[in-house]
Asker: 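What follows is a single structure, and I will ask about it in a moment.
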Amino acid sequence: MRFHTRKWVKPEDLNPNGTLFGGKLLAWIDEELALYTIIQLENPRVVTKHMSEINFRSSARQGDIVEIGIDVVKFGNTSVVLKCAVRNMMTRETIITIDETTMVNLDENGKPSAHGKTQIEFVKDRL
């Protein structure tokens with residue numbers, strides 16, 4: 001799994017229990033998956049279609065640093081299926097795993113559109 005982004009857990013990210021609010025973490029994940037897909041498909045119009053079971057394993061507290069990892073499960077005709085894991089860099093524990101998230105490529109009219117990609121491309125290889 002490739003870990004791309006780190007987030008610092010701040011007071012505004014906490015729930016009443018003093019731990020990282022799950023909704024905030026899911027928003028971070030959704031944004032990171034969208035950014036990853038936009039870069040892979042070279043199209044800024046992508047949407048999240050489906051997330052499989054979300055498994056919260058541990059949490060994080062204020063001051064912790066969490067890291068978001070992504071891998072491609074498969075390329076579809078109009079979609080990319082990704083898996084994700086988030087780990088706490090301070091405790092080395094996995095916070096959450098999501099086995100499958102389907103991101104869909106859209107055309108200028110907001111309709112699913114074939115993207116023509118079949119494998120991961122690295123930006124350095126495009127330059």
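In this chain, residues are counted from 1 in sequence order.
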Asker: Mind listing the closest non-hydrogen atom pair of G18 and R61 along with its distance?
Answerer: O-NH1, 3.3 Å
Asker: Can you list the steps and then say if E108 with R45 is a side-chain contact (heavy atoms from CB on, under 4.5 Å)?
Answerer: CA-CA 8 Å; E108 57 279 346; R45 292 179 302 276; 4.1 Å; yes
Asker: Could you note down all residue pairs passing side chain to side chain donor-acceptor pair (under 3.5 Å) where residues 74-87 supplies at least one of them, sequence neighbours left out?
Answerer: E67-R87
Asker: Hydrophobic clustering (ILVMFWY, side-chain heavy atoms < 4.5 Å, transitive) - are I65 and M1 grouped together?
Answerer: no
Asker: Would a 4.5 Å heavy-atom cut-off, applied to side chains only, mark T101 and T48 as touching?
Answerer: yes
Asker: Going by ring pair (Phe, Tyr, Trp, His ring centres under 6.0 Å), name the residues that satisfy it together with H4, two or more places apart in sequence or in a different chain.
Answerer: Y36
Asker: Would you say V86 and L14 are hydrophobically clustered, going by side-chain heavy atoms of ILVMFWY under 4.5 Å?
Answerer: yes
Asker: Run R2 and I120 through side-chain contact (heavy atoms from CB on, under 4.5 Å) and show every step you take.
Answerer: CA-CA 12 Å; R2 291 181 175 87; I120 297 171; 4.1 Å; yes
Asker: Calculate, to the nearest 0.5 Å, the distance between atoms CD1 and CG belonging to I68 and L35 respectively.
Answerer: 10.0 Å
Asker: Walk me through whether L82 and V73 qualify under side-chain contact (heavy atoms from CB on, under 4.5 Å).
Answerer: CA-CA 5 Å; L82 305 169; V73 175; 5.8 Å; no
Asker: Look at the side chain of D13 and the backbone N and O of K10, then say whether any donor-acceptor pair between them is shorter than 3.5 Å.
Answerer: yes
Asker: Less than 4.5 Å apart, side chain to side chain, heavy atoms only: is that true for H115 and Q40?
Answerer: no
Asker: Apply the hydrophobic cluster definition, ILVMFWY joined by side-chain contacts under 4.5 Å directly or through others, and give me every member besides V104.
Answerer: V47, L106
Asker: Check whether M90 and V9 end up in the same hydrophobic cluster, where Ile, Leu, Val, Met, Phe, Trp and Tyr are linked by side-chain heavy atoms less than 4.5 Å apart.
Answerer: no
Asker: Are any of the side-chain heavy atoms of V80 and L41 separated by less than 4.5 Å?
Answerer: yes
Asker: If you compare all heavy atoms of I29 against all heavy atoms of C84, which two are closest, and at what distance to 0.1 Å?
Answerer: CG2-SG, 3.8 Å
Asker: Find out if a path of hydrophobic residues (ILVMFWY) with successive side-chain heavy-atom gaps under 4.5 Å connects I95 to F21.
Answerer: no
Asker: Using the rule that Ile, Leu, Val, Met, Phe, Trp and Tyr join whenever any side-chain heavy atoms are under 4.5 Å apart, tell me whether V81 and V46 fall into a single cluster.
Answerer: no
Asker: Tell me every residue that passes side chain to side chain contact (heavy atoms under 4.5 Å, CB included) with S52, counting only those two or more places apart in sequence or in another chain.
Answerer: H50, I98, D99, E100
Asker: Heavy atoms, side chains only, cut-off 4.5 Å: are I54 and I96 in contact?
Answerer: yes
Asker: Is there a donor-acceptor pair closer than 3.5 Å between any side-chain N or O of N88 and the backbone N or O of E93?
Answerer: no
Asker: How long is the span from the CE atom in M89 to the CH2 atom in W8, to the nearest 0.5 Å?
Answerer: 16.0 Å
Asker: Are more than 12 heavy atoms from other residues, nucleotides or ligands located less than 6.0 Å from atom CZ of F75?
Answerer: yes
Asker: Taking only residues two or more places apart in sequence or in another chain, which ones pass salt bridge (charged side-chain N to carboxylate O under 4.0 Å, His left out) with K49?
Answerer: none
Asker: Does the pair F56 and L25 meet the rule for a side-chain contact (heavy atoms from CB on, under 4.5 Å), with working shown?
Answerer: CA-CA 10 Å; F56 285 94; L25 179 56; 4.2 Å; yes
Asker: Any side chain to side chain donor-acceptor pair (under 3.5 Å) pairs touching residues 15-28, not counting sequence neighbours?
Answerer: N15-T19
Asker: Atom OG1 of T5 and atom CD of E31: how far apart are they, to the nearest 0.5 Å?
Answerer: 8.5 Å
